[in-house]
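Okay, structure first, notes after.
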Amino acid sequence: MAYLLRLQSRPSLKGLSEEEQKLLERHFEIDSRHVSIDGNTLELDRVDEIEIVKAARAKSPAGWVVKNLLYGGERYHIGIYAGKEELVLPNITLEVARYIAGNIAFFARNPVRYTGLEDVVSVTEY
């Protein structure tokens, strides 16, 4: 089973576009004790898993329009879980998903399982 590899330094916003930074400012908060998405909060000590998946799009002209014109390319969802509780941020860029996962890897004091796309975050096997 894969777990987030603990980071020694907090991820930087510098690699993100201005639009991505504004999205994070509106929807995501994290500190050494809590993680919040859209005002819903979980204690970091309780977070036990995250998941990053590619957003599904219909294989039709409408799906192409949504993916390419509305969202400007591929989008992803990130889920943060603490037992049966969850926080989900949908339709974000892969860079935003990496930033969020990296912050959890930096702040979390307990092992956090990772599921989802490969080669998105650094993981270790316990």
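Hydrogens, waters and symmetry mates play no part in the numbers below; they use all other heavy atoms, side chains included.
- Judged by distance alone, with hydrogens and angles left aside, the side-chain atoms of R109 form no donor-acceptor pair with the main-chain N or O of L44 at under 3.5 Å.
- The backbone N or O of A2 lies less than 3.5 Å from no partner atom in the side chain of R113, so there is not a single donor-acceptor pair.
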Atom pairs and distances, donor-acceptor, side-chain atoms in residues 79-86, under 3.5 Å, two or more places apart:
{"unit_1": "Y81", "atom_1": "OH", "unit_2": "E51", "atom_2": "OE1", "d": "3.2"}
{"unit_1": "E85", "atom_1": "OE2", "unit_2": "R46", "atom_2": "NH1", "d": "3.2"}
{"unit_1": "E85", "atom_1": "OE2", "unit_2": "R46", "atom_2": "NH2", "d": "2.3"}

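- Y99 and V53 fall into different hydrophobic clusters, where Ile, Leu, Val, Met, Phe, Trp and Tyr residues are linked whenever their side-chain heavy atoms come under 4.5 Å apart, directly or through other members.
- Hydrophobic clustering (side-chain heavy atoms under 4.5 Å, transitive across Ile, Leu, Val, Met, Phe, Trp, Tyr) groups I37 together with L13.
- Residues passing the side chain to side chain contact (heavy atoms under 4.5 Å, CB included) test with V121 are L4, I52, A101, Y114, V123, sequence neighbours excluded.
- Put simply, the side chain of I50 does not reach to within 4.5 Å of the side chain of I100, judged on heavy atoms.
- Residues E49 and T115 form a side-chain contact, since some pair of their non-hydrogen atoms from C-beta on lies under 4.5 Å apart.
- Looking only at side-chain heavy atoms (C-beta outward), V96 and F28 stay at 4.5 Å or farther from each other.
- Residues R75 and T93 have side chains in contact (heavy-atom distance under 4.5 Å, counting atoms from C-beta outward).
- Atom-to-atom distance recorded for N40:CG and H34:NE2 is 13.0 Å, nearest 0.5 angstrom.
- Remark: F107 pairs with no residue by the ring-ring contact (aromatic ring centres under 6.0 Å, His included) rule, at least two apart or across chains.
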Might you work through the side chain to side chain contact (heavy atoms under 4.5 Å, CB included) test for V35 and E29, ending with a clear yes or no?
CA-CA 6 Å; V35 59; E29 291 182 45; over 6 Å; no
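- Rounding to the nearest 0.5 Å places CG of L24 at 8.0 Å from CD of Q21.
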